[in-house]
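The block underneath contains the structure these notes are about, expressed in structure tokens.
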Amino acid sequence: MKKIYIKIRRWVAELLLVFIGVYAAFWLNNFQQHQGQAKRRDQILASLEQELEAGINNAKEETAHSDEEVRAFQRALENAERPSLRRFTFTTDYNPGDIATLLQAGGIELLEVKTLSTLREFESVVRWGLSRMAHYQELSDALIAPSLGQDPSFFYQDDGKHLRAQFDFYPEALQARRNFFKQLQQKEAELLGRIKGERQRR
């Protein structure tokens with residue numbers, strides 16, 4: 001009876017050791033996966049943070065430039081100076097695929113819901129703004145560009161304070177560009193705050 005009791009104890013001890021070993025391996029695997037996810041999440045956030053900081057600086061510069069352009073044109077227009085019209089152009093290196101690639105690399109699963117929501121709001125502002133800028137550029141190419149060799153008075157009514165009907169979109173386009181950069185800067189700052197907060201909480 002005593003030998004049977006000893007065998008049972010030994011068997012239980014061996015079973016316990018096996019269980020502990022399996023559990024330890026499982027825990028280690030989960031820990032390594034968690035560490036890998038945390039590292040990938042921080043890399044994604046760090047990349048977004050860097051891009052946004054650069055974007056905010058660029059938006060500030062563009063906003064200041066657009067502000068001056070709008071003020072100068074409006075001031076000259078009010079003084080009946082018939083300021084020259086220039087071809088309206090808008091160029092950007094923004095590519096919606098960049099953020100999509102980043103999210104497909106793990107961002108959707110790893111980022112907080114509020115951060116993803118703010119990111120989508122930012123993308124919506126960018127897409128809408130770029131669409132509007134493209135519209136004004138098409139108008140400029142069709143209506144202003146062919147007449148750039150004309151005397152500035154060609155674009156104005158007789159009073160010199162009002163553009164002819166086909167060109168009256170021009171001040172609106174300048175204003176829209178300024179507003180777009182201001183809104184872009186605001187959304188980038190909002191998203192940057194979310195990302196920095198998420199990195200700190202992690």
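All figures in this text were calculated on a predicted structure; none of them were measured in a lab.
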Interatomic spacing from CG in Asn179 to CG in Leu184 - rounded to 0.5 Å: 12.0 Å

Row check, Phe73 ring normal vs Arg86 NZ/CZ: under 6.0 Å, within 45°: no

Enclosure of Gln150 CD (heavy-atom neighbours >12, cutoff 6.0 Å): yes

Sidechain N-carboxylate O distance under 4.0 Å for Glu123, Arg120: no

Aromatic plane relationship, Phe88 with Tyr136 - under 30° parallel, 30 to 60° tilted, over 60° perpendicular: perpendicular

Asp159 and its side-chain hydrogen bond (donor to acceptor under 3.5 Å, both in side chains) partner, picked from Gln157, Lys161, His162: His162

Donor-acceptor pair between Arg178 and Gln175 side chains, under 3.5 angstrom: yes

Hydrophobic cluster membership, Phe181 vs Leu130, 4.5 Å side-chain cutoff: yes

Among Glu69, Glu62, His65, side-chain hydrogen bond (donor to acceptor under 3.5 Å, both in side chains) partner for Arg177: Glu69

Close side-chain approach of Ile144 to Phe169, heavy-atom, < 4.5 Å: yes

Backbone N/O of Arg75 and side chain of Asn79: donor-acceptor pair under 3.5 Å: yes

Side chain to side chain, Leu174 and Tyr170, heavy atoms closer than 4.5 Å: yes

Side-chain heavy-atom pair Pro83, Phe155 within 4.5 angstrom cut-off: no

Point-to-point distance, once rounded to the nearest 0.5 Å, from OG of Ser147 to CZ of Arg164: 8.0 Å

Between Phe90 and Phe180, ring centroids under 6.0 Å: yes

Any residue meeting side-chain hydrogen bond (donor to acceptor under 3.5 Å, both in side chains) with Glu138, in chain and number order, not counting sequence neighbours: none

Closest non-hydrogen atom pair between Phe167 and Leu143, with its separation: CE2-O, 3.2 Å

Hphob cluster co-occupancy, Leu148 + Phe154, side-chain heavy atoms under 4.5 angstrom: yes

Side chain to side chain, His135 and Leu139, heavy atoms closer than 4.5 Å: yes

Short side-chain to backbone donor-acceptor contact, Arg87 and Ser140, under 3.5 Å: no

Pair Glu61, Asn57: side-chain N/O donor-acceptor within cut-off below 3.5 Å: no

Would you mind writing out the side-chain donor-acceptor pairs for residues 185-197 within the sub-3.5 Å range, not counting sequence neighbours?
| unit_1 | atom_1 | unit_2 | atom_2 | d |
| --- | --- | --- | --- | --- |
| Lys187 | NZ | Glu121 | OE1 | 3.4 |
| Glu188 | OE1 | Ile56 | N | 3.4 |
| Arg194 | NH2 | Glu112 | OE1 | 3.2 |

Where Ala142 and Pro146 come nearest, the two heavy atoms and their spacing: O-CG, 3.5 Å

Side-chain donor/acceptor of Ser131 to backbone N/O of Arg127, under 3.5 Å: no

